[in-house]
Amino acid sequence: MKRSKTLAILVGGIFFTALMILYWKLELMQKTELHFGEETPLEHEADDLSVLRQKIERLERLISDNNRLVATLRDSILQHKASMKIGQGGKANGSSSAATGLNTKLPGCQSAEGTKATDGVQLLDVYDLLPFDNPDGGLWKQGFEILYEGNEWDKQPLEVFLVPHSHNDPGWLKTFDGYYQDQTRHILDNMLTKLTEDSRRKMIWAEISYFSKWWKDIDDQKREMVKRLLKEGQLELVTGGWVMADEANSHYFALLDQLIEGHQWIQRHLGVKPRCGWAIDPFGHSPSMTYLLKGAGLRDMVIQRVHYAVKKHFAQQQILEFLWRQSWDSSPHSDITCHMMPFYSYDVPHTCGPNPAVCCQFDFHRLQGGRVFCPWKIPPQQITEQNVEERALILLDQYRQKSRLFRSHVLLVPLGDDFRFTQSQEWDAQFSNYQKLFDYFDQHPELHIKARFGTLSDYFETLHQRLHAEGTTLPTLRGDFFTYADRDDHYWSGYFTSRPFYKGLDRVLEAMLRATEILFSLTLAEIQHFLGQGNLVLEFPAHEHFQRLSESRQSLALFQHHDGITGTARDPVVADYGTRIFHSILNLRQVLQSSAHWLLLLDKSQYHHDKSQPFLQMDDMILAQDSLPQKTPLKLSDEPRTLIIFNPTEQVRTSVISVVIDSPDARVINKETGQPVAAQISAVWAEPRQASSEIFQLDFVAKLPPLSLVIYHVTKAPISSSHRAQYTFYHQDNLPTNHSEYFRVLYPDGSKGDDPLSLSNKHFQIWSSTETGLLQKLRLQSGEVHQIQIQFLWYGTTTRADKSGAYLFLPGEKGAQVYSSSEPPFVRVSRGPVFSDITSYFKHFTHRVRLYHLDGPAGRHLEISNVVDIRSEVNRELAMRLISNIASGNRFYSDLNGFQMQQRQTLSKLPLQANFFPMTSASFLQDSVSRLSLLSAQSQAVASLRSGELEVMLDRRLNQDDNRGLGQGVTDNKLTASFYHLLLEDRRGAAQKVDGSSVEHLSLLAHLTSLNLCHPPITMVTVSGDNLPKLRPFLPLDVSLPCDIHLLNLRTLEDTQKAGHPSQEAALLLHRKGFDCSSAPDLPLTCTWSTHEEVDLDDLFFPLRFRSVRRSGLTLLRDDDEPESALQQHLPRVAFLRPMEISAFRVEID
Ligand SMILES: [Zn+2]
């Protein structure tokens, strides 16, 4: 009774509030309209149609707001009902209080946190526990002696699956094409012949990049043979990704994209669905990858490269097979069965059992006379009638020992190595000798072993059956497997940074691909409205563009290979990847420009596609695969130059757009409103202290609606009418300075030189050293002064024989040396109305910190950029360190693939290099009152070696090989840029416990800041000249998406009938991010977030309409589509988006 009354009052209250808000909004809009009327320039007033259109658009927006309000109302009622139910059940639940405002925390965040792991294995605890003493384990050097009685298998025989595999790197010592020509195509050709000869033979294959290339080369008859082998279960495609991806440096966008590319290819050409994951060579493993695999419908997986001490512990505990669960997941929803290989390597000596000297004798490719031999000096023997018993028993002993490390009597034994099974003799040697051994086992039931060739599915199916029958459950595990060490103190933390130029370029391609995918999909949707208008539609080269998109997807996918983005390939191979990426960026630019052109045209009949003379061009040029982009100077006149800005994010944003012009004075107006926008003219520096007198930098403030194309006009302005930056030069020595006629330059005299160098905006103030320009202190306007010092460091390499290389980081015994230069750097301070910055010119790098004089998120962070050149150095690595007074202890957080945050602990029992972790996009330190987040635009190694400190590696130049097969050092360094946003935030609730294994997320502000850093606006320029067709801005969304929902991609799918053509269907990928409850933005964010998991997709993307929506698996396989009824017909289309989860929908946009 009392409850229903409360409900009635609540609903009434909400309804009244909603009405008031609506009324207020209406009034506000009318006022805005009046305001518009007064200020609209003459030419617009005449344009009645335009005014009418504006009114309609505003009305539409009003309807959208209405929808959202109604949705909120409905949500509130739903939530209240739910809380009542829980209340009646006598259970307290914190989630109900959020909507009614009783919770002091940020509403909505409770659903993303509170998932502290209590059950199962937590890898952080394992690291606490282990001594890392590396004792000699005997025959199994990194392990222990395995004992067995011999009667363990009497009741239930040992069931062995020998799984033949060939590890084909899509680029490493040779390029992708080089390997394909020399090895891979022969391997696959032989596979067809050799598997067909005997139905007992099996094989698994992982890399779809190679498989799809080979498919193009074979005829229909062979293709049928492949399909038959798959159907019969002799051949299994494992993982099904384009490559076996790196799991440290790859961003989850690219990890998923390469998986989609592979799975879509498999679906189209083979009609099968991968079930098992196979990742035997990536240098450490991330749960983000397992999340994607599970979401793509995989159930089981195998990993290999895990720290030897962790492997030993897992073997001792019999937990080498476990259910890998996401740290943030309190349900088994994300679990995937994982098999960790117990020994040193995936080659034959390290897979049959603990003794490599014995196992090597069962690699029949190493039979005497071959090119490969056994380093343990006992060669294999052909299996004959004479020796079969002796050989079989030796092998059985290894199998039995290995089996003791697992909970079941089913045993997985991989059989293969890099680029194995190239020649038919090798196939014969392996298959015939093993078959003789298997036959012997079959003839001797007293041995209690059944052995055969198998695929991964064969193994896991039997494993699950056995576990089920015995009632055995596998333990759950949370955490990740970084940082990998394969022996001694050889930690693989070097590759987190190696070839940083390409790690940065990877993310440029990634952002460009995402932006182009989205705009292309929106263009195809728009074009449908013009269907039936003949040539109008035909002119848009959808097919050609789709080809370009596909190729670019494949370039990005290829680079995610564990010798690609890792920076562990030979120099020419690196250049090959670079060239592919470079061409893809150029191709994507064409697609983006062409799509934007179509969308912007008022009269679509004016669309013409001319490749040689595109209507739009980018505002910059990239000249080669290994060079940084350069802005193209714009020629200005009294006639306006048209700039088109694309905002690739799903949030409305205020951004500073930077272009280079040929005039020191310019005026920028928003073409729609006719209003001038805030702008600043800065010098373009030919030399650190010499401003160009020909070209100038124009920065203006653009307000960009979500996913919009906005039009700006730039014209030459009267002399001295523009706001120009002012400069201060520190360390003005006797070097000549070209006094700029356009800019005021101050030289602080000796006495003033000691004044603190300080910059501030509305949100914070910074102080830097007048000597170096480097940051020293930061104060939020709300709070106290924080010490946040920036320092640069050199790491050298050890004096021992094993030195740092592409994979390994083996720093010198003294650790890092603070970077110092014989002469102080030249420091230039720039102050302007749009931004102010401090630039320090050191010999090896140019460092700049900049703050923006903007409201909203864009004004909240400090932008840091480094342009590094260490080509003159020998065996050195350059790092940037932040030293703060945050009491973080030995704990900090770094992201895993940009998908989730992982707590890290710095352990003194481990060497320095073990305490470096991969950082794809974010890292933070915190104590009870503050959090310092470093957001990055590229992947690199990160560490927090002392409390309050955070450091990232910028570049490494190493003059020797580190003995992992590459055979060279890393000396192809480039001029390399890296970009960061630094964010200091207050934390709410001083009593916040910073404890062991709690799950933490970025704050909402950090999420927004990272989104803006990784997806900058894209600036295009129309060709100069008159007779420009009429353009209008493209505004696909009325309002931003909630700020915890990220539009990961809107990816046009291939037509099922016409190969290589785009379909009307697109993959809509939404990621609902978890966010921190304790960081409270003191200023309201521009976006909202929901406390509910339910989201109405039509409402979310209004005014876009979906003709159909169907939830699917993460790789959009048709098998994974939800049945038609679910979302297809019913309106509203309510979808559940759980915090932290990625949701995939197959959609058709109306
Ligand atoms: Zn490999």
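Ligands are counted one by one from 1 in listed order, and the atoms in each one are counted from 1 as well.
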- Query: Protein N/O/S atoms under 2.8 Å of the Zn ion (ligand 1)?
  - Reply: His167 NE2, Asp169 OD1, Asp281 OD2, His562 NE2
Taking the six-membered ring for Trp, are the ring centroids of [X] and [Y] within less than 6.0 Å of each other?
{"X": "Tyr291", "Y": "Tyr252", "answer": "no"}
{"X": "His307", "Y": "Phe132", "answer": "yes"}
{"X": "Phe431", "Y": "Phe453", "answer": "yes"}

- Residues that Val970 engages under side chain to side chain contact (heavy atoms under 4.5 Å, CB included), provided they are two or more places apart: Arg499, Ala806, Asp972
- Item | Summary of salt bridge (Lys or Arg N to Asp or Glu O under 4.0 Å) pairs that have at least one residue in residues 337-347, sequence neighbours excluded | none
- List in chain and number order the residues that pass salt bridge (Lys or Arg N to Asp or Glu O under 4.0 Å) with Arg299, two or more places apart in sequence or in another chain; answer none if no residue qualifies. none
